[in-house]
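Note sheet for the following structure.
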Amino acid sequence: NYMKIAIIGATGLVGQKMLQVLKEQKLRLDEIIVAASEKSVGKKILFQGRELTVISVEQAIEEKPDIAIFSAGADASLKYAPLFATNGTYVIDNSSAWRKNSNIPLVVPEINASDITIDNHIIANPNCTTICMLMALSPLHKKYKAKRLVISTYQSVSGSGQKGLNQLALEQKGLRADNPAYPCQIHENVIPHGGNFLENNYTAEEEKLVFETNKILHSNIAVTATVVRVPVYGGHSESINVEFENDFDLEDVRDILSKSEGVVVYDNPDENIYPTPVMAYDKDEVFVGRIRRDFSIANGLNMWVVSDNIRKGAATNAVQIAKYIIENFKI
C-alpha cells in the first residue's frame, strides 16, 4: 500500500511539531504533502533530508491523501475537512471545529480509540489541557468513578502559537508586541483568561474542559475550571481536585498511574520531586506529582499534572490517531 499523508498548517508551531513526531514515530510514509495558507505557499520545509514545497489546501485535496492532519484553525477546518473526507481521506483535526459534533469522535487513543469506526472520516483531537488531564484521570475514573472535578490550569504561551511566544519574548526585552496574543502583559504576570469570554463569564478554554471531559469518558462528571496563562514558553500544568464516588488507597492510586501507558508518576516531596514544564519539554509522557488526599471531603484527591502541550497535547496525539487508523483500517 502506498501511504500518502498531508499536514495542513505545516508551517505553524503545531504543524512543524507534527512533522517531527511523524519522523520519530516511524509512520509508514511514501509521500508527505505539506499545505498551508496562501501566504506560505511556495515556502520550503526540510523533512528527512528532502525539501518539501508548501502547496495550497485546494491542491492538497486534489492529491487525495490517505490521511490529512489539520492544525490550521477552526475556520479552515470547517471549510476544508469535509472536502477531504468526501474524497475518502481520514481527517484528524486539531482545532475546536468538530469537537462538539455528536457524529464525530473526540479521541485520546489511550482512552477511547475504539470510538473511531472505519466510517469516521473526520476525527477531532481534544484540547491540550483536556488530553493532559484525562491521561491521569481516566485510569483512576475507571476504578473509583469521578464525581466532580475542580481544575485550575497554568498554561504556557505556546498554546497561543507563535503570537504568544513572540509577545513574551518581546516583553522580556522591554518591548511591546505590535500584534499581542493577550489583552495584558504576560511577562512577570499571570492572566486568568484563555479563549474568549462567554455569556456565563467562563472562557471558551474553560468550557472545553467541561464538555470534552464527559464526551471522551462517556461520563457525567460535574466539572468546573479556571484557565490561567503563565509566562512560561512551553508546557501546560494543571492543579486537579477530584472527588470520587468510591474511596481509594493512595498507594493504589500511585500504582494505577505508574502502570498507565503514557503516564509517569514523578512524586517525592521529601526530595522536592514534582513535575514542572521545563522537565516535560519535548517529551510525550504526562507527568503526575503532588498526589495527596483532599481531607476536606470524602474520597477527594489532589494531583498536579504537567505535559508538553505541543506534543501530547496536540501533535503526538494526532499522529497516534493516524497510527491507529493505519493499523486498524488497513489503509
Side-chain angles (χ1 to χ4, degrees), residues 14 73-75 77-78 93-102 104-108 111-112 124-138 140-141 146-161 163-164 167-168 180-186 189-232 235-244 277 286 294 296-297 300-307 309-310 312-314 317:
V14 173
D75 292 342
S77 185
L78 286 169
D93 181 46
N94 195 45
S95 79
S96 58
W98 303 98
R99 292 175 188 156
K100 286 194 164 178
N101 187 315
S102 57
I104 288 177
L106 181 67
V107 175
V108 181
I111 300 171
N112 65 327
N125 219 25
N127 186 268
C128 43
T129 44
T130 311
I131 293 174
C132 171
M133 174 177 76
L134 293 188
M135 286 291 289
L137 182 70
S138 173
L140 300 176
H141 171 65
K147 193 159 110 182
R148 179 168 188 253
L149 286 171
V150 181
I151 310 145
S152 295
T153 74
Y154 303 74
Q155 295 179 217
S156 66
V157 296
S158 62
S160 309
K163 217 174 172 185
Q167 182 175 344
L168 179 55
Y182 314 112
C184 341
Q185 171 185 321
I186 182 66
N189 206 11
V190 294
I191 308 173
H193 180 181
N196 299 329
F197 278 101
L198 310 170
E199 273 181 26
N200 61 7
N201 291 338
Y202 281 80
T203 67
E205 289 276 315
E206 289 159 352
E207 203 60 42
K208 285 172 192 174
L209 275 161
V210 178
F211 173 82
E212 294 178 19
T213 294
N214 286 311
K215 180 167 176 178
I216 294 163
L217 295 180
H218 302 283
S219 59
N220 192 20
I221 303 166
V223 183
T224 189
T226 303
V227 160
V228 182
R229 190 73 63 183
V230 294
V232 164
H236 288 357
S237 308
E238 300 173 68
S239 165
I240 297 162
N241 175 270
V242 51
E243 182 186 353
F244 291 109
V286 170
D294 171 3
S296 72
I297 49 165
L301 180 78
N302 281 306
M303 54 184 174
W304 173 252
V305 178
V306 179
S307 82
N309 52 299
I310 303 292
K312 182 56 183 166
N317 200 74

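Predicted, not measured: the structure shown is a model, and the values here were computed from it.
Judged as a ring-ring contact (aromatic ring centres under 6.0 Å, His included), and not counting sequence neighbours, Tyr182 has no contacts. For Asn220, there are no side-chain contact (heavy atoms from CB on, under 4.5 Å) partners two or more places apart in sequence or in a different chain. For Glu206, the side-chain hydrogen bond (donor to acceptor under 3.5 Å, both in side chains) test picks out Thr203, with sequence neighbours left out. Listed by chain and number, the residues in a side-chain contact (heavy atoms from CB on, under 4.5 Å) with Val223 are Leu149, Ile151, Val210, Thr213, Asn214, Ile221 (sequence neighbours excluded). Asn112 pairs by the side-chain hydrogen bond (donor to acceptor under 3.5 Å, both in side chains) definition with Asp115, not counting sequence neighbours. Every residue two or more places apart in sequence or in another chain that forms a side-chain contact (heavy atoms from CB on, under 4.5 Å) with Ala97 is listed here: Ala74, Ser77, Leu78, Asp93, Ser95. Judged as a ring-ring contact (aromatic ring centres under 6.0 Å, His included), and not counting sequence neighbours, the contacts of His193 are Phe197. Residues passing the side-chain hydrogen bond (donor to acceptor under 3.5 Å, both in side chains) test with Gln167, sequence neighbours excluded: Glu171. With sequence neighbours left out, the side-chain contact (heavy atoms from CB on, under 4.5 Å) criterion links Asn302 to Asn241, Arg292, Asp294. For Glu243, the salt bridge (Lys or Arg N to Asp or Glu O under 4.0 Å) criterion is met by Lys147, not counting sequence neighbours. Taking the side-chain hydrogen bond (donor to acceptor under 3.5 Å, both in side chains) definition, one finds that Thr153 meets it with Gln155, sequence neighbours left out. Under the salt bridge (Lys or Arg N to Asp or Glu O under 4.0 Å) criterion, Lys215 pairs with no residue at all, not counting sequence neighbours.
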Test side-chain contact (heavy atoms from CB on, under 4.5 Å) on Met135 and Ser307; report intermediate values, then the result. CA-CA 10 Å; Met135 286 291 289; Ser307 82; over 6 Å; no
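Taking both residues in full, the closest heavy atoms of Pro231 and Asn189 are given as CD-O, 2.9 Å, listed atom of the first, atom of the second, then distance. Of all the heavy atoms in Asn309 and Ser158, the pair that sits closest is ND2-OG, 3.0 Å. Lys208 approaches Ser96 most closely through the heavy-atom pair CE-CB, 4.2 Å. Residues Val306 and Ser237 come closest through the heavy atom pair CG2-OG, 3.6 Å. What you find for Ile104 and Ala124 is that their closest heavy atoms are CG2-N, 3.9 Å.
Looking only at side-chain heavy atoms (C-beta outward), Thr130 and Leu106 stay at 4.5 Å or farther from each other. Between Tyr154 and Val190 the shortest side-chain heavy-atom distance does not fall below 4.5 Å. In this structure, Val242 and Leu140 have side chains that are not in contact, with every pair of non-hydrogen atoms separated by 4.5 Å or more. Counting heavy atoms from C-beta outward, His236 and Cys128 have side chains that approach closer than 4.5 Å.
If you take CH2 on Trp98 and CG on Asn125, they are separated by 15.0 Å, rounding to the nearest 0.5 Å. Within the model, atoms CD of Glu207 and CG of Asn196 stand 12.5 Å from one another, a figure rounded to the nearest 0.5 Å. Note: Ile131 CD1 to Ile216 CD1 = 7.0 Å, rounded to the nearest 0.5 Å. Note that NE2 of His141 and OG of Ser219 are 5.0 Å apart. Values are rounded to the nearest 0.5 Å. The OG atom of Ser239 lies 11.5 Å from the CE atom of Met133; values are rounded to the nearest 0.5 Å.
Between the Asn317 side chain and the Val108 main chain, no donor and acceptor come within less than 3.5 Å of each other. Listed for the Glu212 side chain is a donor-acceptor partner under 3.5 Å among the backbone atoms of Asn127. The backbone N or O of Gly235 sits less than 3.5 Å from a side-chain atom of Ser156, completing a donor-acceptor pair. Side-chain atoms of Arg229 do not come within 3.5 Å of backbone N or O of Pro192 as any donor-acceptor pair. Panel note: side chain Arg99, backbone Pro105; no donor-acceptor pair is recorded below 3.5 Å.
Around CG of Asn200, the count of heavy atoms belonging to other residues, nucleotides or ligands within 6.0 Å exceeds 12. Counted within 6.0 Å of CZ on Phe211, heavy atoms from surrounding residues, nucleotides or ligands total more than 12; the atom is thus considered enclosed.
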